[in-house]
Amino acid sequence: MSSDHHGLEALRHSASHILAQAVKRLYPEVKLGIGPSTDTGFYYDFDREISFVPEDLEKIQEEMKNIVKENLPIEKKEVFRDELRKLLEEQGETYKLELLKEIPEGETISLYTQGDFSDMCKGPHVASTGEVRFFQLLSLAGAYWRGKETNPMLQRIYGTAFFDKKELKQYLLMLEEAKKRDHRKVGKELKIFTFEEQVGAGFPIWLPKGATLLGMIEDYDKKKHIEAGYQEIRTPHLGLVDLWKTSGHYYHYLDTMFPPMERDNQVFMVKPMNCPFHLTVYKNELRSYRELPIRYFELANVYRYEKSGVLHGLLRVRSFEQDDAHVFCTPDQLESELNNIREFSIQLFKDFGFTDLHIFVSIRDQEHIDAGKYAGDPQQWDHIEKEFISIVERMGIPYQIDPGEAKFYGPAIDIKVKDALGRLWQCTTIQVDFNLPKKFGLTYIGEDGAEHTPYMLHTATLGSMERFIAILLEQYAGNFPLWISPLQVRIIPISDDVLPYAREICTVLRKQNLRAEVDENNERMNAKIRKGEIEKIPYLLVVGKNEAESQTVSVRKRHRENLGSMSLEEIMNRMHQEIDEKTIF
RNA sequence: GCCCAUGUAGCUCAGUAGGUAGAGCGCAUCCUUGGUAAGGAUGAGGUCGACAGUUCAAAUCUGUCCGUGGGCUCCA
């Protein structure tokens, strides 16, 4: 038994066949879709009049266990097309027949059989059902047949399987842990953000704690951009519709833009992105090659009409803030600018505690070319893509190609960060654009005295603030590093007589730019400490008569760490150091 | 947008043979002034997501819409 990736794939693929077999045994009327393995497990799609319910999943899982116990050999057989067609017709497997039709003539067709069940399949599989010992069905969902919106909706059953019990258990534990630190849950508990039905789906509201957190991130992000040579600009939330027609967004993304507004014969739209505005800023003056690269930066709210079904906490919203930047440069500067941005991103994420970054290069693919997704001259595309990839090659870092993921105006580098649970989140995007500058008539005067069109780079480093905060919440489960904690320290007076002392300390801390407050509730100290821990406040300063007399504080660090008593100055120094060093704890 | 599930006090949730609602936390008031994860008592909060329909009677049944969740499709 091998536990390499390929082996795991076969194991999971076999698990999906066992799932289908179990479903067929229990519900013979069900028609089969497809059932592949995935990165994290497997699924199988079924067509059945009645919807599966969670209790069905238990029954199916039990039947799967039986099939495993029966230890049926999984046998591969090459079959003739006509023979298989006849069989599938008899069984009424219309979806399988559709697949069969698409297999080119002359290609061998294989059938995998295990006991009373056969499935047309390329494989590979494990040798017998008995090998699939550690599996778990996980969830039920709808899925379009062959992933096409216009096709019927099938019922998908998800599961996972591993070679060893420990790995399965670990995976299930990870899922549980992910649920526990779900940003929607933690964000509510810590009063970071909320959504209100009255306001509308997909419009996040930052509560005071969240606004503080957001503010810290914004300030830092802005400071770093300015250090890196960006100039901050500010642009309106609305613009004339022609702006979007010129950019082409109107034609590519009308469905995801909020509808136009008309007044006095003029049509306005709410911005779904900032690029056109930044292009106009560039155009505001005549540019020389000596000025380039020009780097504009804006913390800007944008609005996109995302379909109702895709909204998901802070990860997918209809109103969000981007740390959006655009770099205008000469073709010669492309490589160094790409490198700058990449390094900038790595640095910024490191400060927030993310060190494992993965690079993805998005280029065109035939399917999307045929669908007319990409704007501009195909030859220029070929040229840019080639250059783009060679630049990434020269960066000397591992990367993956994402075919079909290029933007309509050019190829892109996307940087994904890996979080504490090993999950990848897309954050930074760097997009090369050789289309919009032309469309907007951007030029610079070159060394030769002639007009040239600059390249444009679109980049968002943290991406969307909403999304980034969601990722931070999940990464730290709300236990933020001190420097971004909305509330950094709470003072806990033991009795009312020390309230004046507690307030005095609070004033000092606040004057030192520390986010502090006093818990003045009529509660026992124990209850206040419990509350402070639940709220995940980094530092609790307990003060009673002893502290008031000796002008000290008793310091308790988040997670039960009693650091004993120290002077106010001592704890402030300690906190300032942690803030400066962005310590993670 | 599509399939399925779901929506009861600020929060987490009970409440099935339809008969106008409960708990814990939180909140308020009072008592208590306490050394590192919950001191006690009393009390105020809900037209049971919205709107229609069935019924003598709807939180409970039906429909539509809205929100939320798991996915699919999508993500400039």
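Just so it is clear: chains get the letters A, B, ... in the order the sequence lines come, proteins before strands, and each one is counted from 1.
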Would you call A:His559 and A:Asn479 a side-chain contact if the rule is heavy atoms closer than 4.5 Å?
yes

What does A:Ala143 touch in the nucleic acid at a heavy-atom separation under 4.0 angstrom: a base, only the sugar-phosphate, or nothing?
sugar-phosphate

Under 4.0 Å between any heavy atoms, over every strand shown, what does A:Phe195 touch: base, sugar-phosphate, or nothing? Just pick one.
nothing

Would you say B:C72 has OP1 or OP2 under 4.0 Å from some side-chain N or O of A:Tyr158?
yes

Ring centroids only, cut at 6.0 angstrom: are A:Tyr158 and A:Tyr43 within range, meaning strictly under it?
yes

Distance-only check: which donor-acceptor pairs under 3.5 Å involve side-chain atoms of residues 252-260 of chain A, not counting sequence neighbours?
residue  : atom : partner  : partner atom : Å
A:Thr256 : OG1  : A:Tyr253 : O            : 3.1

Give A:Phe408 one of three labels, base, sugar-phosphate or nothing, depending on what nucleic acid heavy atoms sit under 4.0 Å from its own.
nothing

Considering only distance and modelled atom types, tabulate donor-acceptor pairs under 3.5 Å from the side chains of residues 195-212 of chain A, sequence neighbours left out.
residue  : atom : partner  : partner atom : Å
A:Glu196 : OE2  : A:Thr194 : OG1          : 3.0
A:Thr212 : OG1  : A:Pro208 : O            : 2.9

Rounded off to whole Å, could you give me the CD-to-P distance for the A:Glu149 and B:U73 pair?
10 Å

Is there a donor on the side chain of A:Thr256 or the base of B:A76 sitting less than 3.5 Å from an acceptor on the other?
yes

Please test A:Ser485 against A:Ile537 for side-chain contact (heavy atoms from CB on, under 4.5 Å), starting from the C-alpha separation and ending with a verdict.
CA-CA 8 Å; A:Ser485 279; A:Ile537 300 164; over 6 Å; no

Would you say A:His312 places a side-chain N or O within less than 4.0 Å of OP1 or OP2 belonging to B:G70?
yes

Can a side chain N or O of A:Arg156 be found less than 4.0 Å away from OP1 or OP2 on B:C4?
no

Restricting to salt bridge (Lys or Arg N to Asp or Glu O under 4.0 Å), what partner residues turn up for A:Lys180, sequence neighbours left out?
A:Glu177

If the condition is ring pair (Phe, Tyr, Trp, His ring centres under 6.0 Å), which residues does A:Phe135 pass it with, not counting sequence neighbours?
none

A:Arg146 CZ to B:U73 P, straight-line distance once rounded to whole Å
13 Å

Salt bridge (Lys or Arg N to Asp or Glu O under 4.0 Å) evaluation trace for A:Glu306 with A:Arg316:
CA-CA 8 Å; A:Glu306 302 289 359; A:Arg316 196 79 179 273; 3.1 Å; yes

Sequence neighbours left out, what passes salt bridge (Lys or Arg N to Asp or Glu O under 4.0 Å) with A:Glu29? Give chain and number order.
A:Arg48

From CD1 of A:Ile492 over to P of B:A37, roughly how many Å is that when rounded to an integer?
10 Å

Report each atom pair, protein N/O against N/O of nucleotides 39-50 of chain B, whose distance is under 3.5 angstrom.
residue : atom : partner  : partner atom : Å
B:G39   : OP1  : A:Glu523 : OE1          : 3.3

OP1 or OP2 of B:G70 sitting under 4.0 Å from any side-chain N/O of A:Arg184?
yes

Of the residues in residues 298-308 of chain A, which ones touch RNA chain B at a heavy-atom distance under 4.0 Å?
A:Arg304, A:Lys307, A:Ser308

Partner set under salt bridge (Lys or Arg N to Asp or Glu O under 4.0 Å) for A:Lys307, not counting sequence neighbours
A:Glu149

Verify salt bridge (Lys or Arg N to Asp or Glu O under 4.0 Å) between A:Glu533 and A:Lys557, making sure each step is shown before the conclusion.
CA-CA 9 Å; A:Glu533 286 286 355; A:Lys557 204 168 173 179; over 6 Å; no

As a quick check of understanding, evaluate salt bridge (Lys or Arg N to Asp or Glu O under 4.0 Å) for A:Arg423 and A:Glu474, giving each step before the final call.
CA-CA 10 Å; A:Arg423 299 169 298 177; A:Glu474 306 224 352; 3.0 Å; yes

Since syn is defined as within 90° of 0, does B:G15 count as syn or as anti?
anti

Give a yes or no on whether a donor-acceptor pair under 3.5 Å exists between the nucleobase atoms of B:U33, that is its base, and the side chain of A:Asp496.
yes

Pairing string, 5' to 3', for RNA chain B - Watson-Crick or wobble contacts under 3.5 Å, brackets [ ] where pairs cross, | to another strand
(((((((..((((.....[..)))).(((((.......))))).....(((((..]....))))))))))))....

At 4.0 Å (heavy atoms only), tell me whether A:Gln431 reaches a base, stays on the sugar-phosphate, or touches nothing.
sugar-phosphate

For residues 458-466 of chain A, tabulate all N or O donor-acceptor pairs below 3.5 Å that involve a side-chain atom, not counting sequence neighbours.
residue  : atom : partner  : partner atom : Å
A:His458 : ND1  : A:His326 : NE2          : 3.2
A:His458 : NE2  : A:Asp433 : OD2          : 2.7
A:Thr459 : OG1  : A:Thr429 : O            : 3.1
A:Ser464 : OG   : A:Glu466 : N            : 3.3
A:Ser464 : OG   : A:Arg467 : N            : 3.0
A:Glu466 : OE1  : A:Glu321 : N            : 2.9

On the side chain of A:Glu547, is there an atom forming a donor-acceptor pair with the base of B:G35 - under 3.5 Å, no angle test?
yes

With A:Tyr501 via ring pair (Phe, Tyr, Trp, His ring centres under 6.0 Å) - residues at least two apart
none

Across the strands shown, which category fits A:His252 at heavy-atom distances under 4.0 angstrom: base, sugar-phosphate, nothing?
nothing

List every contact pair, protein side and nucleotides 9-15 of chain B side both N or O, where the distance is under 3.5 Å.
residue : atom : partner  : partner atom : Å
B:U12   : OP1  : A:Lys188 : NZ           : 3.2

